[in-house]
Amino acid sequence: MQHNSLTPSSDYLSRLNSEQRRAIETTEGPLLILAGAGTGKTRVLTTRFAHILLTGKAYPSQILAVTFTNKAAKEMKERVGAILGEPVEGLWLGTFHAICARMLRRHAEYVQLTSGFNILDTDDQLRLLKQVMEPFQIDTKRWPPNQLLGIIQRWKDRGLTPDRVTPVEDTDFANGHALAIYRLYQERLQTLNACDFGDLMLHVVEILRTKPDVLAQYHRIFRYILVDEYQDTNTIQYLWLRLLAKRHDGISNIACVGDDDQSIYSWRGAEIENILRFEKDFPGAKVVRLEENYRSTDQILAAAAGLISHNEGRLGKTLRSGRKNAHGEKVQIIGVHDSDEEARVVGGAIERLQKSGHPLSEIAILMRAGFQTRPFEERLLMLGVPYRVVGGLRFYERAEIRDCLAYMRVLSQPSDDLAFERIINVPKRGIGAVALQKLHKEAQTLPCSLVDAVNIQLSTDSLKGKSKKALSHLMANFTQAKATLDTEGHVVASEQLLEESGYLQMWRDDRSVEAPGRLENIRELMRAIGDFATLEGFLEHVALVMDIDRTETDEKVNLMTLHGAKGLEFDTVFLPGWEEGVFPSQRSLDEGGNRALEEERRLAYVGLTRARQRAVILHAASRRIYANWQSSIPSRFIDEIPLEYIDMRGESVEKRRQASFSPSMFASGTFTSTRSNRSQPAYKRITDIKETTAHIPLGATVFHQKFGEGLVISSDGDRLEVNFNNVGIKRILANFVEIKS
DNA sequence: TGTACCAAGCTTTTT
DNA sequence: GCTTGGTACA
């Protein structure tokens with residue numbers, strides 16, 4: 001993606017194709033831009049934004065532009081500025097949550113909050129929910145709080161405040177107490193003057209629904225609305241957009257960009273129906289399809305198209321290659337024995353690419369789940385190939401960072417009970433559950449905040465000995481830091497607080513291997529605070545952005561999940577683990593059935609379309625899942641790619657298929673060639689396969705793909721002990737051997 | 001109040 | 001197999 005920073009404003013439209021131009025120049029009325037992978041979506045969105053400004057249709061402050069990620073918002077802002085030749089200010093451009101936070105701070109009093117409300121992170125949410133659940137005496141083994149939090153979030157995603165949850169929407173979770181807990185949880189949030197992420201949207205929608213004057217105010221402000229990644233919007237985001245877009249004068253200048261084939265976040269509440277329904281929701285809507293792909297070779301495009309055509313209920317797009325001479329290599333499919341071989345094959349291929357001058361940063365290994373990175377990391381480490389793991393635990397999710405932030409939150413707002421609770425005994429001060437219980441009681445009866453309760457109990461001498469000394473010390477730390485905050489600013493005050501409270505010393509004294517890294521993270525945090533004018537400004541940024549700016553452009557292979565790769569592109573993409581149960585994920589299928597299968601397929605489509613030049617799919621015949629080995633069947637997605645665009649390397653996949661479906665391996669004859677029998681349920685759950693394993697008698701001669709021939713010397717269900725001719729005695733699962741005699 | 005042990009659980013995660 | 005969280009004890 002190039003930044004045409006000096007493009008004269010007159011020809012910003014000149015290098016666009018006709019559909020792209022139409023998407024930009026159709027400024028009036030509702031518009032759906034269906035943008036397939038690699039069709040220049042971001043470019044269209046940013047040029048459209050600039051076009052509205054340059055033609056004088058609106059001022060920057062009259063355009064609402066919403067994205068899902070901070071990264072996308074930042075990129076859009078930069079690129080619009082580049083087209084205009086100067087930075088734009090006063091924009092309503094940001095993530096759904098950032099914009100809602102801004103709106104909510106203006107109108108907080110309508111939902112019984114003050115404009116200084118706190119935004120909770122997931123840790124706080126869970127701790128609060130656990131507290132709320134306590135009096136209900138719920139068996140948390142049977143009804144895990146994090147699952148209940150999930151249920152509450154799904155309710156919020158759908159715009160359901162406790163009053164709007166109907167019996168139909170209710171659940172028997174937690175012996176039917178879920179709704180009551182939800183109600184209490186919301187009440188607690190209110191007394192804490194706090195919001196969770198869902199509330200940011202929920203409260204604003206509530207306000208827009210019930211306060212016509214507020215809504216009218218925004219109708220006056222926003223002349224044009226731009227929405228990115230529309231396929232990922234959930235119900236509450238849709239309601240919010242619809243409220244803002246449906247003006248009383250009948251004008252709805254809303255343009256949504258999206259791709260139904262790339263909707264992969266239903267498990268976070270995204271409703272693919274929103275994009276499928278757009279034309280009904282906004283009568284008279286125009287639809288523009290961007291189908292010219294400037295990214296991938298014909299072979300990759302055709303393979304991906306063949307795959308996604310197995311989904312039903314699509315809006316339908318046909319990607320054409322917009323590049324010349326874009327034939328390229330076929331999609332490679334490589335069958336391997338196990339995950340170690342998979343890592344060896346990928347590692348070897350990367351080494352060869354590196355030797356031929358292929359930049360490492362243009363290579364990605366994309367997998368279904370985060371834990372799958374491990375064998376690849378080990379292999380690349382061994383080969384000395386630099387790599388980075390993208391995603392995983394983010395900066396502001398680290399325990400030490402959250403601790404520090406809790407200290408700063410209390411400094412900024414002593415009434416922040418959740419933050420105070422987090423650090424009251426970190427470092428260890430001898431404040432346990434008993435002391436905390438006492439404080440809670442005090443705080444509840446008055447009512448007041450925990451910090452107030454501490455001060456009261458200190459002055460009335462109801463605290464004794466160790467805890468009294470520890471808490472008065474802690475209170476003194478905060479008072480001192482507060483004074484420093486006023487005189488020397490938030491950076492010095494934060495550092496002082498962490499030092500004097502003994503928090504930093506705690507990590508210095510820690511002998512574990514992670515401790516120095518944690519101290520380094522805290523140093524980085526201190527540097528980040530300096531970028532903000534006030535402590536409050538910093539805390540707001542942290543709550544909404546959740547990640548620290550770190551531009552990584554060094555020469556490293558990228559390891560990430562398929563979800564993490566959305567919106568990115570690489571010359572070469574490796575797609576390991578294409579096996580039934582792994583991808584598509586068995587758990588998804590169990591929970592979501594055919595809908596989930598289609599989403600998994602879209603995920604596969606996203607994976608393939610990340611590749612510009614080369615895509616390599618791998619599948620292993622057996623894989624270790626947790627403790628035990630499981631034999632695997634190649635993913636149905638492999639079968640769904642038209643044969644003419646694939647190239648089976650290494651061992652023939654067909655041969656492998658025959659081998660894995662041979663009746664001698666599975667007692668039942670259910671398994672036949674997947675290609676010839678696609679309409680039949682050719683796939684069985686991996687767990688079922690285990691049950692159908694043939695009984696293998698003691699003394700039988702068996703054959704194992706890796707170890708060769710051997711004699712069965714003991715058996716316990718499907719666990720065998722086999723004395724192999726070449727490698728000696730091994731413990732092996734019956735699934736992996738074939739009976740010879 | 002802190003530690004030791006056991007059992008359960010284990011995708012994806014833009015904010 | 002490995003981590004995490006809750007409970008039982010010292």
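Letters go in sequence order (proteins before strands), and every chain restarts at 1. All values below come from the heavy atoms of this structure, side chains included, with hydrogens, waters and symmetry mates left out.
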Sugar-phosphate only, base, or nothing, as touched by A:G370 at under 4.0 Å among non-hydrogen atoms: sugar-phosphate
Pair A:D124 + A:R409: basic N to acidic O under 4.0 Å: yes
Full working for salt bridge (Lys or Arg N to Asp or Glu O under 4.0 Å) between A:D403 and A:R518: CA-CA 11 Å; A:D403 290 341; A:R518 293 185 193 271; over 6 Å; no
Donor-acceptor pair, side chain of A:H563 and main chain of A:I264, under 3.5 angstrom: yes
A:T561, nearest nucleotide to its side chain (from B:dT14, B:dT13, C:dG6): B:dT13
Atom-pair distance (CE on A:M560; P on B:dT13), nearest Å: 11 Å
Toward the 5' end of DNA chain B, by each residue's nearest nucleotide, A:L589 or A:R268: A:L589
Ring-on-base stacking B:dT15 with A:F96 (under 5.5 Å, under 30°): no
Heavy-atom donor-acceptor pair, A:R394 side-chain to B:dT13 base, under 3.5 Å: no
Of the listed nucleotides B:dT13, C:dG1, C:dG6, the one nearest the side chain of A:K130: C:dG6
Sugar-phosphate, base or nothing in reach of A:S585, heavy atoms under 4.0 Å: base
Length of the line joining A:D123:CG and B:dT13:P, which is rounded to integer Å: 17 Å
Sugar-phosphate, base or nothing in reach of A:E600, heavy atoms under 4.0 Å: base
Closest nucleotide among B:dT15, B:dT13, B:dG2 to the A:H97 side chain: B:dT15
B:dT15 OP1/OP2 closer than 4.0 Å to side-chain N/O of A:N70: yes
Interatomic distance, A:F376 atom CZ to A:L559 atom CG [nearest 0.5 angstrom]: 7.5 Å
Same-atom distance (P) from B:dT12 to C:dG5, integer angstrom: 16 Å
Minimum-distance nucleotide to A:A435 side chain [options: B:dT12, B:dT14, B:dT1]: B:dT1
Interatomic distance, A:E397 CD vs B:dT14 C1' [rounded to whole Å]: 12 Å
Between C:dC2 (C1') and A:F371 (CZ): distance, integer Å: 13 Å
salt_bridge(A:R368, A:E600) N-O dist < 4.0 Å: yes
Length of the CZ-P vector between A:R429 and B:dG2, whole Å: 12 Å
Of the listed nucleotides B:dT15, B:dT13, B:dT1, the one nearest the side chain of A:Y265: B:dT13
Given B:dT14, B:dT13, B:dC10, the nucleotide with the shortest approach to the side chain of A:F68: B:dT14
A:A369 vs A:A543, nearer the 5' end of DNA chain B by closest nucleotide: A:A369
Given C:dG1, B:dT13, B:dT14, the nucleotide with the shortest approach to the side chain of A:R624: C:dG1
Separation of atom CG in A:D199 from atom C1' in B:dT15, rounded to whole Å: 13 Å
Sugar-phosphate, base or nothing in reach of A:G198, heavy atoms under 4.0 Å: nothing
Ring centroid separation A:W240 to A:Y238 under 6.0 Å: no
A:Q372 CD to C:dG1 C1', straight-line distance once rounded to whole Å: 17 Å
Whole angstrom value for the distance that separates P of B:dT14 from CG of A:D157: 15 Å
